[in-house]
Structures are given as C-alpha cells and as structure tokens.
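Keep in mind the model is a prediction, meaning the values are calculated, not measured.
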Amino acid sequence: MNENNDYIFEFETNEEMSEKRYFVVICYDIFNTKRRNKFAKFLERYALRVQRSVFEGELSKSKYKSLTSKIGGYIEPEDNVRVYRISGNGEVKVWGKNDVTKIDEVIII
C-alpha cells in the first residue's frame, strides 16, 4: 500500500488458468441487529471486514459460488446485500482510516 492507503489488485485473465479467482466486495444493510451480527459472522468466513457493513476478499470460483448461494438464508425482504465481483485489473482508492492489511482468501479448517 502506498501512503494514501490505496491498493491495486491484478488477477490473471488467461483462460488456461486452472482456478478462476475474483476480488469481491460485499456491502449490506440489514435492519435487525441479531440478523446483521449473524450475517457479519458468516461473511468473516469468506472475507475481511473493511468497514462496518463492507467486506472484501479474494475468492476462488467455488468459494464465490458457495458465498452467493448461502446469502439468501441470512436476509429478509427489507434487507439489502450487494456482492460486487471483479476480475482482471482494478484499483481501490481509500481515504481515511484503513485497517485492511492484506487481501487473502480466508481458509476455514
């Protein structure tokens, strides 16, 4: 990271790559505190919290599918969850406090 807290990510775009990987950003507004806390715990298995209701992570294609297939079980119609999947080159601009130290896949044992 540079002194502005920005960071750049780059993934292979070669179709021969054995396992496709995505940079994901997950944002949510969940109105019920108990459900919101449960959802945040769920997301910690896949990504790193970078703001109160925003997570970032680098996921394999299979982890991405697992994440997105389970989200519906945590939310109600009044809630809102967005998952941004980014492949290829990208850049994140950050202003203010930045607690992200490393973007890695979260491994659950």
Are the side chain of R36 and the backbone N or O of I30 linked by a donor-acceptor pair below 3.5 Å? yes

Donor-acceptor pair, side chain of S66 and main chain of S62, under 3.5 angstrom: no

Do E44 and K41 make a side-chain contact, defined as non-hydrogen atoms from C-beta onward lying under 4.5 Å apart? yes

Please examine the side chains of I71 and F39, heavy atoms only from C-beta on, and report whether any two atoms are closer than 4.5 Å. yes

Are any non-hydrogen side-chain atoms of E56 and V25 less than 4.5 angstrom apart? yes

Quick check for you: to the nearest 0.5 Å, what is the distance between I26 atom CD1 and L59 atom CG? 6.5 Å

Would you say that Y22 contacts K63 through its side chain, given a criterion of any heavy-atom pair below 4.5 Å between the two side chains? no

CZ (F31) and CG (N80) are apart, to the nearest 0.5 Å, by 8.0 Å

Find out if a path of hydrophobic residues (ILVMFWY) with successive side-chain heavy-atom gaps under 4.5 Å connects V81 to F42. yes

Please report the shortest heavy-atom distance between A40 and Y28, naming the atom on each side. CB-OH, 3.6 Å

Evaluate the side-chain proximity of L67 to L43: yes if any heavy-atom separation is below 4.5 Å, no if none is. yes

For N37 and K34, indicate whether the former's side chain and the latter's backbone hold a donor-acceptor pair under 3.5 Å. no

R35 side chain near Y74 side chain, heavy-atom distance below 4.5 Å: no

How close do C27 and Y84 get, heavy atom to heavy atom, and via which atoms? SG-CE1, 4.1 Å

